[in-house]
Amino acid sequence: MPFSPRVFSGMQPTGNLHLGNYLGALTRWVEMQSTHDCIYCIVDLHAITASWQDPMELRQSIRDVAAAYIASGVDPKQTILFNQSKVPEHAELAWIFNCTARLGWLNRMTQFKEKAGKDRENASIGLYDYPVLMAADILVYRATHVPVGDDQKQHLELTRDIAQKFNSDYRAQITETGQYADGQFFPLCEPVIMGPATRVMSLRDGTKKMSKSDASDLSRINMTDDHDTIAKKIQKAKTDADGIPSETAGLAGRPEADNLVGIYAALKNATKEAVLTEFGGAQFSTFKKALADLAVAKLTPVNAEMRRLSADPAEIDRVLTDGADRARAIAGPILSETKRLVGFL
Ligand code: TYM
């Protein structure tokens, strides 16, 4: 294996982070930091692609997301934590990759289709190009592992396609250096999509992903929700007429039940099977009470720590600047080598 393992991942600072972000990505990030070199980013360049962001709110969101990462257990000393716009190498590599990626590849991206909706002609070019910048985020560090939720799978396949095409377009130059085994300059990174909550669904509709953009606040648990709000949202969560089954087969065709069991399992760091062994045969009212208690116990300390950190924005800014300096020390030489391979003087 020519690449030493390196982890990269990021989140957008648009609105509140929610339980899907926390269980699908953040908890995995925290686990990986004790075994890998990790780089975690607040992707503010991505944040302005879908819609205009109020500059004051964007600045606040960047700091809030940094606070959420740290409060969830990301250690800014052990890992590199920064916001994307502070490291211009991301955008510069994205330009080179714009000339590697093909229109046909981007035309297949389902997230663009969903976000652009019917008003495609009015979508920003940045929204269309979003996955190319995402590939640059990862490959500017030659990262090998990317912990994300299930919805990012297609973007990571595109990242691999871009890496592969770049390696093949510049194979002669890459081989000539004699430094890169197998003629691979960029790694084909592996998605890390693991655990019982890789796709947390809306609390109001088990067929829809939990999302920041859902009009109903009852559909999601925000990381800033207090004790009572979390309990109320779980109590109001949609369920069906049956109780909790004893085996996972009993969750088939029951998206709301499956979602709540998955959330419980992820919060408890257990499997769905173990949860069903404990609650099989119970009524939803009993299960929801236990789920609310667990969610409150897990999330309210994170929430309190977020508030504590947010009270000192200067310290957050210092952490982000320090992280950006360390990120640039890695990205700078990789971008220079990329430019040399391409033939820039
Ligand atoms: P974003 O900001 O939409 O989401 C951040 C992370 O949270 C995960 N996630 C979920 N996981 C489970 N259930 C859900 N309902 C749910 N909703 C969101 C996402 O999968 C993601 O891991 N394009 C990325 C940000 C990005 C990035 C990158 C990620 C930019 N560059 C490079 C990895 C590597 C995004 O929009 O995430």
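We count ligands from 1, going down the list as the structure has it; atoms in each ligand are counted the same way. All values below were derived from every heavy atom in this structure, side-chain atoms included, with hydrogens, water molecules and symmetry-related copies excluded.
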Would you mind writing out a table of all protein N or O atoms found under 3.5 Å from any N or O atom of ligand 1, naming both atoms and giving the distance to 0.1 Å?
unit_1, atom_1, unit_2, atom_2, d
ligand 1, 2 (O), Gln12, N, 2.9
ligand 1, 4 (O), Asn21, ND2, 3.4
ligand 1, 7 (O), Asn21, ND2, 3.0
ligand 1, 11 (N), Gly20, O, 3.1
ligand 1, 13 (N), Val200, N, 2.8
ligand 1, 15 (N), Val200, O, 2.8
ligand 1, 15 (N), Met210, O, 3.0
ligand 1, 20 (O), Gly149, N, 2.8
ligand 1, 20 (O), Asp151, OD1, 2.4
ligand 1, 22 (O), Gly149, N, 3.1
ligand 1, 23 (N), Tyr130, OH, 2.7
ligand 1, 23 (N), Gln152, OE1, 3.0
ligand 1, 31 (N), Asp137, OD2, 2.7
ligand 1, 36 (O), Gln12, NE2, 2.9
ligand 1, 36 (O), Tyr130, OH, 2.5

For residues 122-130, run the donor-acceptor check on the side chains, cut-off 3.5 Å, and write out each pair with its distance to 0.1 Å, sequence neighbours left out.
unit_1, atom_1, unit_2, atom_2, d
Asn122, ND2, Asp119, OD2, 3.4
Ser124, OG, Thr49, O, 2.7
Ser124, OG, Gly126, N, 3.3
Ser124, OG, Leu127, N, 2.9
Tyr128, OH, Leu103, O, 3.4
Tyr128, OH, Asn107, OD1, 2.5
Asp129, OD2, Asn98, ND2, 3.4
Tyr130, OH, Gln12, NE2, 2.9

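Hydrophobic clustering keeps Val74 apart from Ile138 (ILVMFWY residues linked when any side-chain heavy atoms are closer than 4.5 Å, directly or through intermediates). A continuous path of ILVMFWY side-chain contacts below 4.5 Å connects Ile42 to Val302, so both sit in one hydrophobic cluster.
Applying the under-4.5 Å side-chain rule to Ile, Leu, Val, Met, Phe, Trp and Tyr, the cluster around Leu45 extends to Leu133.
Taking the six-membered ring where tryptophan is involved, the planes of Phe166 and Phe97 are perpendicular, since the angle between them exceeds 60° and thus also 30°.
Residue pairs satisfying the ring pair (Phe, Tyr, Trp, His ring centres under 6.0 Å) criterion with at least one member in residues 208-235, sequence neighbours excluded, are absent.
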